[in-house]
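Quick notes on the structure that follows.
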Amino acid sequence: MNDKLLLDAFSALSLGVIVVDANYKITLWNAWLEAHTGRAASEAKGQDFFAVFPDLRNHRVGVAIKQAICHNLPALLSQSLHRSPFPLFAEPAQPGERLSQAITIVPLGDV
């Protein structure tokens with residue numbers, strides 16, 4: 001499968017997908033995230049995940065990402081305990097209540 005086809009598949013999903021490398025740099029930011037963060041993929045890609053989402057560094061999301069990278073451990077965050085940690089909105093230009101989120105963190109190996 002070529003890179004464009006894979007990117008097109010991720011962009012067609014009705015959910016957010018972020019891929020970070022071993023140095024926490026964002027390597028993939030799909031179209032759904034663009035629509036619900038108001039941040040273009042070109043702005044996010046190459047940035048440190050924790051620079052883009054500083055509030056998540058010591059949050060369970062940040063801990064889970066670090067565990068996935070350092071120890072190859074996946075994580076599924078409970079929606080009842082972590083309802084909306086990412087700043088995702090139906091209309092980012094007029095942010096209201098954050099969208100409810102189900103978060104899965106999966107180690108992919110060397111990205």
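Note that this is a predicted model, so its numbers are computed, not measured. For this chain, numbers begin at 1 and follow the sequence in order.
- Nearest approach of Gly16 to Trp32, heavy atoms of both residues: N-CE3, 3.2 Å.
- By the side chain to side chain donor-acceptor pair (under 3.5 Å) test, Ser78 pairs with Ser80, sequence neighbours left out.
- Take Glu91 and apply the salt bridge (Lys or Arg N to Asp or Glu O under 4.0 Å) test, not counting sequence neighbours, and it matches no residue.
- Between Leu88 and Thr37, the closest side-chain pair of non-hydrogen atoms falls below 4.5 Å.
- Between the CD1 atom in Ile105 and the CG atom in Leu73 there is a gap of 11.0 Å [rounded to 0.5 Å].
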All N/O donor-acceptor pairs, side-chain side in residues 93-103, below 3.5 Å, sequence neighbours left out:
from   : atom 1 : to    : atom 2 : distance (Å)
Glu97  : OE2    : Arg83 : NH2    : 2.7
Arg98  : NH1    : Ser84 : O      : 3.1
Arg98  : NH1    : Pro85 : O      : 2.9
Ser100 : OG     : Gln79 : NE2    : 2.9
Ser100 : OG     : Arg83 : NH1    : 3.3
Gln101 : OE1    : Phe86 : N      : 2.9
Gln101 : NE2    : Phe86 : O      : 2.7
Gln101 : NE2    : Leu99 : O      : 3.0

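- Applying the side-chain hydrogen bond (donor to acceptor under 3.5 Å, both in side chains) test to every pair with at least one member in residues 61-73, sequence neighbours left out, gives no pairs at all.
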Just list the side-chain donor-acceptor pairs under 3.5 Å for residues 45-64, sequence neighbours left out, or say none.
from  : atom 1 : to    : atom 2 : distance (Å)
Asp48 : OD1    : Phe50 : N      : 2.7
Asp48 : OD1    : Ala51 : N      : 3.2
His59 : ND1    : Val61 : N      : 3.0

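- Residues forming a side chain to side chain contact (heavy atoms under 4.5 Å, CB included) with Thr104 (at least two apart in sequence, or on another chain): Leu76, Val106.
- Contact between Asp21 and Asn23 at its shortest, heavy atoms only, is OD1-N, 2.8 Å.
- Within the model, atoms OH of Tyr24 and CD1 of Ile69 stand 4.5 Å from one another, a figure rounded to the nearest 0.5 Å.
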